[in-house]
Amino acid sequence: LREDNAYQAFLVLYLSILLYKGSIYLDILAQFLELDHPIDFLTSIQYFITKKLPVSFSYQSDRNNRTLKVDGFVPIKIYFKDNHWFLVGWDVQYKNWNQYLLHSIKEINPSSKKVDMTGKEFSLSEFRTNAFGSAVLNKTKKHTIHISVPASRYNAVRKRRKEGTWDKSSDPYIWSVETFDVNEVFDYIFRWNGILKIKSPESIKKQFQTKLRSFLD
């Protein structure tokens, strides 16, 4: 029942009532409220998603403080992860599914490009398997990292992160994740205070050790 769209919609509606009454604070709204016209933006996005229409927009990158021009992007879904809202869709430039931080999207408009979406079926669960954090999925090299997790902490990790695959043939378990930005994995492991450990590859393990030492220099 909890996975049913109607039940979840009712839950969101009830949260809205509590927000209106002042009984709850929804921090998840903060990034929407950074948009100039949040409701107009969502209405437009819903139209583009429904019609599978390509769009163009300016994108203010948080990572390098540059404004990018994205043209020929077919939005498929908005989703929430790691305290961020993302717009995910088919990116003509990279010929792959891609994601962009919602609050960094500016001046979204219909694109003049025509995009054939025949045979392109999107799976959010599969997409998230290859998207550990918020890094935009472009032609950056993808890294596979194997993480040692005590069997007793398996449920706690799985509750927070659904990405990756698990080898539970021995204790500790081995959690394998894929990422386009190793620092996102590093930061996550660091928050577990030494409980999670990078098992391999050795080059990634050494990068993590170097980053830890930099805090002491």
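Quick caveat: nothing in here was measured; it's all calculated off a predicted structure.
Rounding to the nearest 0.5 Å places CD1 of I147 at 12.5 Å from NZ of K197. Y188 OH to I145 CD1: the interatomic distance, rounded to the nearest 0.5 Å, is 13.5 Å. Atoms CZ and CD1, on F57 and I108 in that order, are 6.0 Å from each other to the nearest 0.5 Å. Here the CZ-CZ distance, from R191 to F186, works out to 14.0 Å after rounding to the nearest 0.5 Å. If you take OG on S104 and CD on Q60, they are separated by 7.0 Å, rounding to the nearest 0.5 Å.
A heavy-atom distance below 4.5 Å is not found between the side chains of L102 and F86.
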Please tabulate, for side-chain N and O atoms in residues 19-38, each donor-acceptor pair with protein atoms closer than 3.5 Å (sequence neighbours left out).
residue : atom : partner : partner atom : Å
Q31     : OE1  : W85     : N            : 3.2
Q31     : OE1  : H103    : ND1          : 3.3
Q31     : NE2  : N83     : O            : 2.5

Counting only pairs under 3.5 Å, give me each side-chain donor-acceptor contact of residues 148-158, with atom names and distances, residues two or more places apart or in other chains.
residue : atom : partner : partner atom : Å
R158    : NH1  : K162    : O            : 3.3

May I have the list of side-chain donor-acceptor pairs in residues 203-216 shorter than 3.5 Å, sequence neighbours left out?
residue : atom : partner : partner atom : Å
T210    : OG1  : K206    : O            : 2.9
K211    : NZ   : N183    : OD1          : 3.3
K211    : NZ   : D187    : OD1          : 3.0
S214    : OG   : K211    : O            : 2.4

Sequence neighbours excluded and cut-off under 3.5 Å, please list the side-chain donor-acceptor pairs for residues 6-18, or say none.
residue : atom : partner : partner atom : Å
Q8      : NE2  : R2      : O            : 3.0
S16     : OG   : V12     : O            : 2.9

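In terms of hydrophobic clustering, with Ile, Leu, Val, Met, Phe, Trp and Tyr side chains grouped at heavy-atom distances under 4.5 Å, I174 and I195 are assigned to different clusters.
No donor-acceptor pair closer than 3.5 Å links the side chain of W90 to the backbone N or O of D116.
Residues satisfying the side-chain hydrogen bond (donor to acceptor under 3.5 Å, both in side chains) criterion with Y173, sequence neighbours excluded, are absent altogether. D167 is linked by a side-chain hydrogen bond (donor to acceptor under 3.5 Å, both in side chains) to S169, counting only residues two or more places apart in sequence or in another chain. Scanning for side chain to side chain contact (heavy atoms under 4.5 Å, CB included) contacts around K51 gives Y47, L53, with sequence neighbours left out. Not a single side-chain hydrogen bond (donor to acceptor under 3.5 Å, both in side chains) links T144 to another residue, sequence neighbours left out. Looking at residues two or more places apart in sequence or on another chain, you find no side-chain hydrogen bond (donor to acceptor under 3.5 Å, both in side chains) involving S112. For S58, the side chain to side chain contact (heavy atoms under 4.5 Å, CB included) criterion is met by T67, K69, K106, E107, not counting sequence neighbours. Applying the ring-ring contact (aromatic ring centres under 6.0 Å, His included) rule to F48 yields no partners; only residues at least two apart in sequence or on another chain are considered.
What you find for G72 and S111 is that their closest heavy atoms are N-OG, 3.7 Å. Pairing each heavy atom of F41 with each of I105, the nearest pair is CE1-CG2, 4.0 Å. For the residue pair Y94 and N98, the shortest heavy atom distance occurs at CD1-ND2, 3.4 Å. The two residues D91 and Y100 come nearest to each other via the heavy atoms OD2-OH, 2.7 Å.
Counting heavy-atom neighbours within 6.0 Å of N5 CG, excluding the residue itself, gives a total of 12 or less.
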Exercise for the section: Report the C-alpha separation of V115 and K120 in whole Å, then their side-chain angles, then the decisive distance to 0.1 Å, and conclude whether the side chain to side chain contact (heavy atoms under 4.5 Å, CB included) test is met. Expected result: CA-CA 11 Å; V115 181; K120 296 179 177 63; 5.5 Å; no

Exercise for the section: Please step through side chain to side chain contact (heavy atoms under 4.5 Å, CB included) for the pair K81 and E163, ending with a clear verdict. Expected result: CA-CA 11 Å; K81 178 185 177 186; E163 302 88 348; 2.8 Å; yes

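T179 and H143 share no donor-acceptor pair across their side chains, judged by distance under 3.5 Å alone.
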